[in-house]
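See structure below.
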Amino acid sequence: MDKAYSPRDIEGRLYTHWESADYFSPRGLGAAFCIMIPPPNVTGTLHMGHAFQDTIMDALTRQMRMSGRNTLWQAGMDHAGIATQMVVERQLNAEGKTRHDLGREAFVARAWKWKGESGGTISRQLRRLGASLDWSRERFTMDPDLSAAVTEVFVRLHEEGLIYRGKRLVNWDPVLLTAVSDLEVVAEEEAGQLWHLRYPFEDGSGFVIVATTRPETLLGDAAVAVNPDDERYRKLVGKKLRLPLTDRLIPIIADAYADPAFGSGCVKITPAHDFNDYEVGERHGLEKINILDPSAHLNENAPAKYRGLDRFAAREIMLADLAAAGLIERIEAHTHAVPRGDRSGAILEPYLTDQWYVKVAPLAAAAITAVEAGRIRFVPENWNKTYYEWMRNIKDWCISRQLWWGHRIPAWYDAAGKVYVGRSIDAVRASNGLAANVALTQDDDVLDTWFSSALWPFSTLGWPKKTADLATFYPSSVLVTGFDIIFFWVARMIMLGLKFMGDVPFREVYVHGLVRDTEGQKMSKSKGNVIDPLDIVDGIDLESLVKKRTTGLMQPQLAPAIEKATRKEFPRGIEAHGTDALRFTFAALATQSRDIRFDLARVGGYRNFCNKLWNAARYVTLVTDGQDCGLRGEVELSAADCWIRSRCSFAAAEAARGFADYRFDLAAQALYEFTWYEFCDWYLELSKPILQSPATSAAALRGTRQTLAQVLETILRLLHPIMPFITEELWTRIAPLAGKSGPTIMLAPYPLASDFPRDAAAESEMRWVMDFILGVRQIRGEMDIAPSKRFDVLVANAGERDLTLLKSHGGYLERLAQVAGIRPLAAGEAAPQSATALLGEMKILVPMAGLIDVAAERERLGKRATRARAELAKCHGKLANEKFVANAPPEVIAQERGRVADFERELAQIETQLKLLAELR
RNA sequence: AGGCGCGUAGCUCAGUGGUAGAGCAUCACCUUGACAUGGUGGUGGUCGCUGGUUCGAUCCCAGCCGCGCCUACCA
């Protein structure tokens with residue numbers, strides 16, 4: 001074995017082996033366990049969020065697979081309507097073309113071609129991460145059978161009246177030229193202005209003042225509203241106003257929507273361009289005057305002067321005209337939320353169009369009940385509040401998109417514009433008695449990507465066919481997701497799963513935090529703080545990293561700042577850490593927190609852990625390979641052997657608990673600590689004196705060798721879900737030594753706490769041994785005695801147990817404490833001038849002659865005395881409090897009394913010692 | 001405006017109604033025969049602030065300060 005762990009050499013080889021051996025497919029005899037991967041965008045590349053999430057899913061999947069469950073991690077990808085279409089359009093733009101130059105059919109063909117080229121990227125990256133997805137079942141949301149599921153759901157919902165088509169205001173993206181759902185709107189506070197405009201009375205007797213942030217919309221005004229309770233304006237209701245810049249007259253109406261406290265108390269009502277105004281317009285039967293075309297240029301309903309102008313150009317000219325007419329009362333600075341499209345970044349317009357909607361309320365009611373009844377459990381549980389909050393206020397879902405890439409809406413129109421919904425054009429003709437010669441044209445729109453995503457838990461398993469897979473794997477066991485898509489995806493899967501499968505799509509939803517950079521910033525290309533997870537795995541030099549971060553920016557002017565920050569943060573680029581170290585880091589970072597600040601230093605620490613494990617295995621191999629490991633023959637276990645076996649049982653319990661509670665951080669920590677601090681730091685060292693002593697019996701040799709191999713083999717299995725590669729590599733070497741066999745660690749059983757016996761006696765015995773060693777080390781460390789310096793240690797005041805333990809463990813003590821010899825003081829023998837450590841009643845003495853400076857030892861003891869006195873005072877304070885003694889549970893009081901005794905003894909001994917030092921000076 | 005969350009060592013984070021922990025960083029010593037990606041021993045915290053409940057609060061409750069996220073928004 002090499003001296004250092006080198007991940008690069010093994011990762012690719014092992015993954016290929018696993019996949020070709022078909023280890024990822026369901027095979028366990030136990031109950032089904034299923035996770036549906038949140039399908040990544042087909043043309044996407046792996047980012048830190050994916051890597052984190054997929055590590056968690058893989059860890060769960062591997063742990064369950066090892067535990068004998070019939071385990072499926074469903075693979076697949078999403079067609080990502082808008083995102084993919086934008087990418088392909090950008091490619092076309094680079095060629096100087098638009099999608100309209102190609103036409104729909106050719107454009108869609110081009111998108112498929114791009115899917116074919118780029119669609120493999122992310123699955124290759126997932127393989128690098130060690131993700132044990134069942135690739136043989138990989139699905140794509142636009143596969144024929146998944147598309148059929150989409151159509152089926154659409155048609156059935158339509159038949160039940162839960163999908164309808166209607167003309168109403170939607171959030172319109174004038175750049176992408178499509179409607180988007182409420183969820184795709186991001187409203188950010190932006191600095192703007194509030195224009196206070198004068199609307200003159202028809203009779204010229206004055207004016208009212210209205211305020212607006214979008215003055216150009218006045219061309220679509222249908223009224224001005226005042227509050228019915230507003231004394232100032234009550235008399236004006238019904239009067240007519242002359243709408244500026246037009247020749248139209250609009251009425252003053254009374255509506256509670258107008259807030260008397262805001263501005264003048266008068267509000268302009270533009271039913272076709274504002275969601276609130278739309279409602280007011282409906283109440284008052286106002287005309288909806290649409291003044292914009294789809295690209296947000298003013299249309300034929302605007303006065304000729306402004307017609308054809310972009311909304312913002314028109315605004316400037318109109319403001320100038322208003323100013324010239326003396327109709328601007330004042331202008332004030334005003335910050336307000338501006339709605340932008342989450343993909344395009346364009347300012348959205350409320351726009352009057354025909355769209356398809358899902359009537360959500362009935363679906364939401366069942367979905368709320370499912371969570372309330374505990375049929376779905378959120379982890380951490382608090383997320384159900386967020387879920388309820390949204391579900392109880394949910395509005396109808398606009399599902400049509402004016403795009404070309406996606407599932408075409410299964411609706412056809414005849415010449416008269418009558419709409420027919422059906423599974424196919426033939427089905428439509430058949431069920432409506434339409435002859436073949438009746439012209440039908442299909443709806444041009446496609447469905448929101450999230451519509452097909454919502455079906456993912458059952459469409460991937462063959463629905464609407466009643467398949468064996470559906471029977472086995474639906475509902476899936478757990479959904480692993482970020483809170484950012486609870487509304488987009490989780491809620492909709494629950495609604496449609498309940499509707500079409502009659503059961504929840506998953507039993508639990510594990511909601512993890514979002515990966516951010518060290519500063520807590522969201523990682524994004526434009527911020528230039530993105531880290532490619534595979535660059536952590538393979539390493540990347542600084543120049544390549546700078547280049548990666550600064551090319552292809554939407555705003556190239558940011559490049560210098562990004563370059564500077566990158567050079568500062570990673571002066572030497574990023575070292576290679578290997579997949580396992582990255583995965584372990586993700587597991588360790590998987591706390592319940594919402595934000596996960598990614599810290600590269602931590603990966604370094606866990607890379608070291610990999611190396612530690614590697615070298616532990618190297619040692620175990622060295623001392624056991626070719627030796628008798630007790631697989632046959634008599635075996636005798638030492639106290640140390642029993643101790644580490646007992647500790648291993650605890651570690652297995654901790655790991656199991658961590659996995660069961662989705663506390664991967666705690667599982668990772670428990671395994672890290674057991675492996676490093678107990679197995680490596682102590683047990684491997686304890687094994688050396690045993691294995692090297694000529695006095696050790698053959699049975700005891702077998703016992704220790706067997707324990708080394710068995711505990712290490714168990715550690716490997718415990719760690720495998722988090723660190724699949726190194727554990728597999730080492731397991732193939734270690735398993736035979738531990739008497740285990742099998743083709744792969746992947747299918748070896750996950751360890752149980754009951755695999756090793758708990759042994760309280762051995763634990764207490766070894767506690768004594770370790771405390772002894774620590775006591776001597778502490779003196780050595782604090783007294784600056786060179787590690788190479790051997791000295792004799794005396795013990796005083798040793799009890800019977802101390803003497804027994806001293807006798808049986810002398811070998812460890814001398815070796816691990818690096819001392820020449822240990823001997824109890826004879827009866828009546830005077831202790832030489834010594835530095836001391838305490839172990840219960842017993843004193844450990846390190847004679848000072850030639851080793852220790854009196855002043856230094858006095859200082860050291862003084863420090864300890866101070867600490868002990870402070871603790872003692874606290875304990876005394878508590879015990880002096882009558883109420884404490886009266887109310888605290890007896891075991892707490894007993895514990896407190898015990899502490900008093902301990903500290904008092906320690907203090908007394910320290911003081912004796914100090915006095916001794918003073919006398920001998 | 002409503003909802004949710006956070007504030008613990010220099011940094012990133014665990015944690016518990018009764019001795020405050022880890023990783024990284026830091027200091028000292030050490031090329032000991034698994035590992036310098038290592039070993040040994042240290043340094044470092046009035047657990048955001050103020051009250052309350054309690055025998056006892058970093059933990060529970062209330063208020064405040066600071067920070068963040070989500071939802072809905074006054075034109």
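Proteins get letters first, then strands, A, B, ... in listed order; numbering begins at 1 in each. Quick caveat: nothing in here was measured; it's all calculated off a predicted structure. Any value given below was found using the heavy atoms of this structure, including those in side chains, with hydrogens, waters and symmetry copies removed.
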For B:C74, does either OP1 or OP2 sit under 4.0 Å from a side-chain N or O belonging to A:His334? no
Among B:G33, B:U37, B:A34, the one nearest any side-chain atom of A:Arg815 is B:G33
Donor-acceptor pair present, A:Glu189 side chain and B:C73 base, under 3.5 Å | yes
Paired with A:Phe609, the ring pair (Phe, Tyr, Trp, His ring centres under 6.0 Å) test is passed by just one of A:Tyr5, A:Tyr677, A:Phe584, namely A:Phe584
Using OP1 and OP2 only, check whether a side-chain N or O of A:Lys878 sits under 4.0 Å from B:U19.
yes
Q) Under a 4.0 Å N-O cut-off, is there an ion pair linking A:Arg869 with A:Glu871? A) no
Describe the nucleic acid contact of A:Asp484 in one word from base, sugar-phosphate, nothing, applying a heavy-atom distance below 4.0 Å.
-> nothing
Each nucleotide of nucleotides 20-29 of chain B classed B (base within 4.0 Å of a protein heavy atom), S (only sugar-phosphate) or -, in 5' to 3' order, makes --SSS---SS
Scanning both residues in full, the closest heavy-atom pair of A:Val819 with A:Phe791 reads CB-O, 3.3 Å
When rounded to whole Å, the CG to P distance for the pair A:Asn615 and B:G33 reads 13 Å
Is the terminal nitrogen or CZ of A:Arg392 (NZ for Lys, CZ for Arg) located under 6.0 angstrom from the six-membered ring centre of A:Tyr388 and within 45° of that ring's axis? yes
- Is A:Arg657 paired with A:Asp661 through a side-chain N to carboxylate O contact shorter than 4.0 Å? no
Review point. Is the base of B:C4 touched by the side chain of A:Lys385 through a donor-acceptor pair closer than 3.5 angstrom?
Key: no
A:Gln778 side-chain N/O to B:G42 phosphate OP1/OP2 under 4.0 Å
yes
Looking only at B:A34, B:C74, B:U43, the nucleotide nearest the A:Arg867 side chain is B:U43
Please determine if a side-chain N or O atom of A:Asn393 lies less than 4.0 Å away from the OP1 or OP2 oxygen of B:U71.
no
Testing B:C35, B:A72, B:C13 for proximity to the side chain of A:Lys395, the answer is B:A72
Is A:Arg777 close enough and on-axis enough to A:Trp682, meaning under 6.0 Å and within 45°, for cation-pi? yes
With the side chain defined as heavy atoms from C-beta on, A:Ala211 is closest, among B:C74, B:A75, B:U71, to B:A75
Side-chain atoms of A:Arg597 come closest, of B:C13, B:C74, B:A14, to B:C13
key: Ion pair check, A:Arg815 and A:Glu685, cut-off under 4.0 Å   = no
Closest to the side chain of A:Arg663, out of B:U19, B:A34, B:A14, is B:A14
Notebook entry, point to check: How far does the P atom of B:U8 sit from the matching atom of B:C4, given to the nearest Å?
Noted result: 22 Å
query = P atom, B:G41 versus B:A22: distance in rounded Å?
reply = 12 Å
Against the side chain of A:Ala888, the closest entry in B:C55, B:A34, B:A75 is B:C55
Testing B:G33, B:G68, B:G39 for proximity to the side chain of A:Gln692, the answer is B:G33
Presence of salt bridge, A:Arg864 and A:Glu782, under 4.0 angstrom
yes
Ionic contact status for A:Arg198 with A:Glu329, cut-off 4.0 Å:
yes
Writing each nucleotide of RNA chain B 5' to 3' as (, ), [, ], | or . by Watson-Crick or G-U pairing under 3.5 Å yields (((((((..((((....[..)))).(((((.......))))).....(((((..]....))))))))))))....
Which of B:G68, B:U12, B:G18 is nearest the side chain of A:Arg594? It is B:G68
Of the candidates B:C73, B:G18, B:A34, the side chain of A:Ala337 sits closest to B:C73
- Query: Within the structure shown, what part of the strands sits under 4.0 Å from A:Phe487 by heavy-atom distance: base, sugar-phosphate, or nothing?
  - Reply: sugar-phosphate
*Flag this pair as yes if the NZ/CZ of A:Lys688 is under 6.0 angstrom from the six-membered ring centre of A:Tyr619 and inside a 45 degree cone about the axis; otherwise no.*
yes
Do the side-chain N or O atoms of A:Thr386 get closer than 4.0 angstrom to the phosphate oxygens (OP1, OP2) of B:C4?
-> no
